[in-house]
Chemist: 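I have a structure I would like to understand better, so I am pasting it below and will then ask my questions one at a time.
Protein chains get the first letters and strands the later ones, always in sequence-line order, with residue 1 at the start of each.
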Amino acid sequence: MTSIALGKYVPYDTWVHRLDARTKLFATILLMVAVFLPMPTWSMTLLFQGALLVIISILLACTKTPLSWILSSLKMLWIMVIFLLVVYIVVPKSENVLGIAWSVNGWTVYWDSFAEAARIVARLVMMIMIGTALTSSTKPLDLTYALEWYFTPLKVIHFPAAEVAMTISIALRFIPTLLEDTMRVMRAQASRGVDFQHGGLFRRIAGLTSLIIPLFVSSLTRSQELGDAMECRCYDPREKRTRYRLFHFRAADFVIAFFAAAILVGVAVTSGLHLDFFSMMGVTTL
Amino acid sequence: MNVVEVKDLTYAYTEEKIVLNGVSFSLEEGKYYCLVGHNGSGKSTLAKCLMGLVLRFEGSISLFGIPLSGKTLREIRSHVGIVFQNPDNQFVGSTVADDIAFGLENKRVPHEQMQGIIESFAEKTGMIEHLNHEPSALSGGQKQRVAIAGVLAMGPDLVILDEATSMLDPKGKNEILNLIHSLRKENPKLTILSITHDVEEATRADEIIVFNKGKIILKGKPEEVFVHREELASIQLGLPFFYQLRFALEEQGMQIPPSVKDLESLEAYLCR
């Protein structure tokens, strides 16, 4: 349970780590949007998604995130791959660009179905890679600050930006503590004969109940005590606070922000105008 | 000067469950007080009342001459710090430095002064090498040191330790108690109220307040309180080892002068 890779910070001192969290969050959102913009043809999809995959892979490699972490994050995607393949094969598809894969008793499956499933999986893989690059190179607290900074304009409509940021920061801070609690309760219940691994559905649900209820109670106690401790240390969400950590944009931040914006604009223009570079160059396109 | 004045303090969760029952006492500046009592005697509720976490009480509380009420909470809390029992549940920041900074941010200490204050209190509490460590990388004793550093960095005049050592192993407990005593030497005006059920810790206090069923039953210097053996035994409070030994020797006919107040002086007296 403690081996969840997505969201873990890797404490290296790379140029990606040194970028301002606000820049990284900005670039992450732009790249994620770029990944999801549709292309007019399969050839263009392959070209753009391939280029994005290369850029994202280079970024991720720069963060020095261990490959095993990335692979373990992607492991869960197998379920999604199988689900998508089943859906696309069962649901008939009218589009036929890539040809027929098989046709049995009037049930025709086109290669397009497989390509469509592959495109969605590729997008998810890239999303996870971008997310991992962000969280592995940015401390949760810095990320919280970045969120607060972006939420600040919403204060005019009374959006509680600082409170939301503080809530996220505390939630992130307590993830390891709650994981420890979970393991402790699991061990305690297992020593009393609860089996979380084997048995029928009802037995497993009963086992989970014996885990969830103590965990829920301990979380409530923790939150009450934490609230008291914060209040005693003069925390008042309505009052202004000074800041220990200050963040400053540097030249590299502007370069990366510009680079990410350029990628998104390039992809958006190509997608919006249905441009096909291959047919423009007179190459046969799919 | 009295830093705390409590008069006829009564607090009840329900009509039947009265937790504090007409408690009155005062704390003098610069003294180390121990509030002892067994579980459920109302000690922690008293601490919550002093910190203003519970305001629906009867009677009056004033700290540093300011009557405690919803309006004076912020002012009072800038004078008082509290360290709770569970070190995990009071660690707000994601690193040691951020946690010490939390109170300073709330007190609007300018950014330029923060690093100096953080380093100074991390140094005093022996956490200077762990400033960038996350709570998961620290032991219970270290987390409690961070909590103390965070509280002291805010410059309180009164520190309440609400069973701050009860979740620690003997080594961690001793470290924290030694730390508190060395901090008192540095700042003689600092008043400490330690809420505990550890009678050994109470032997080091200037004064002891014994609590039972929401009432103060004994108050005085350790040597004045621990002579009430039967009364303490009746509320399941044992005697510290020094007093057990002293009384055992006296029962054997040995005369021990009142100036002998701890194990070291007893050892010196016996070996004279």
Chemist: Would you say that more than 12 heavy atoms from the other residues, nucleotides or ligands in this model lie under 6.0 Å from the CD of B/E129, or not?
Modeler: no

Chemist: Roughly how far, to the nearest 0.5 Å, is the CG atom of A/L246 from the CE atom of B/M114?
Modeler: 8.5 Å

Chemist: Taking only Lys NZ, Arg NE, NH1 and NH2, and the carboxylate oxygens of Asp or Glu, determine whether B/D99 and A/R233 approach each other closer than 4.0 Å.
Modeler: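 Salt bridge present between B/D99 and A/R233.
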
Chemist: Main chain of B/R108, side chain of A/R241: is a donor-acceptor contact present, judged purely on distance under 3.5 Å?
Modeler: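 No.
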
Chemist: Around atom NZ of B/K31, are there more than 12 heavy atoms from other residues, nucleotides or ligands closer than 6.0 Å?
Modeler: yes

Chemist: Locate the shortest heavy-atom distance separating A/C234 from B/S78; write the atom from each residue and the value.
Modeler: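 Looking at all heavy atoms of both residues, the shortest contact is SG-N, 4.1 Å.
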
Chemist: With a 6.0 Å cut-off (strictly less than), is the heavy-atom count around CD of B/E134, excluding the residue itself, greater than 12?
Modeler: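 Atom CD in B/E134 is not crowded, with 12 or fewer foreign heavy atoms closer than 6.0 Å.
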
Chemist: Can you tell me how far CD of A/E239 sits from CG of B/N106, rounded to the nearest 0.5 angstrom?
Modeler: 10.0 Å

Chemist: Knowing that exactly one of B/Q115, B/E105, B/H111 qualifies, which makes a side chain to side chain donor-acceptor pair (under 3.5 Å) with A/Y244?
Modeler: B/Q115

Chemist: Should A/K139 and B/S94 be marked as a side chain to side chain contact (heavy atoms under 4.5 Å, CB included) after you check the CA-CA gap, both sets of side-chain angles, and the distance that decides it?
Modeler: CA-CA 9 Å; A/K139 286 181 187 166; B/S94 56; over 6 Å; no

Chemist: Which bit of B/P156 is near chain A, if near means a heavy-atom gap under 4.5 Å: side chain, backbone, both or neither?
Modeler: neither

Chemist: Would you say B/Q90's side chain and A/L226's backbone share a donor-acceptor pair under 3.5 angstrom?
Modeler: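 Side chain of B/Q90 to backbone of A/L226, a donor-acceptor pair under 3.5 Å: no, none is there.
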
Chemist: Got a sec: does the CZ of A/F259 have more than 12 other heavy atoms crowding it under 6.0 Å?
Modeler: no

Chemist: When rounded to the nearest 0.5 angstrom, what distance separates OG in A/S218 from CG in B/N89?
Modeler: 8.5 Å

Chemist: With a 4.5 angstrom heavy-atom cut-off, is it the side chain or the backbone of B/I100 that approaches chain A, or both, or neither?
Modeler: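 When you check distances to chain A, only backbone atoms of B/I100 fall under 4.5 Å.
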
Chemist: Set out, in order, the CA-CA distance, both residues' side-chain angles and the distance that settles side chain to side chain contact (heavy atoms under 4.5 Å, CB included) for A/E231 and B/L53, then state yes or no.
Modeler: CA-CA 8 Å; A/E231 220 180 298; B/L53 293 170; 3.9 Å; yes

Chemist: A side-chain contact here means heavy atoms from C-beta on lying under 4.5 Å apart; do A/Y235 and B/V92 qualify?
Modeler: no

Chemist: Side chain, backbone, both or neither: which part of B/F84 has an atom under 4.5 Å from a heavy atom of chain A?
Modeler: side chain

Chemist: When you look at CZ of A/F258, are more than 12 heavy atoms from neighbouring residues, nucleotides or ligands closer to it than 6.0 Å?
Modeler: no

Chemist: Picking from B/I118, B/T95, B/D88, which has the most non-hydrogen pairs under 4.5 angstrom with chain A?
Modeler: B/D88

Chemist: What part of B/A97 lies closer than 4.5 angstrom to a heavy atom of chain A: side chain, backbone, both or neither?
Modeler: both

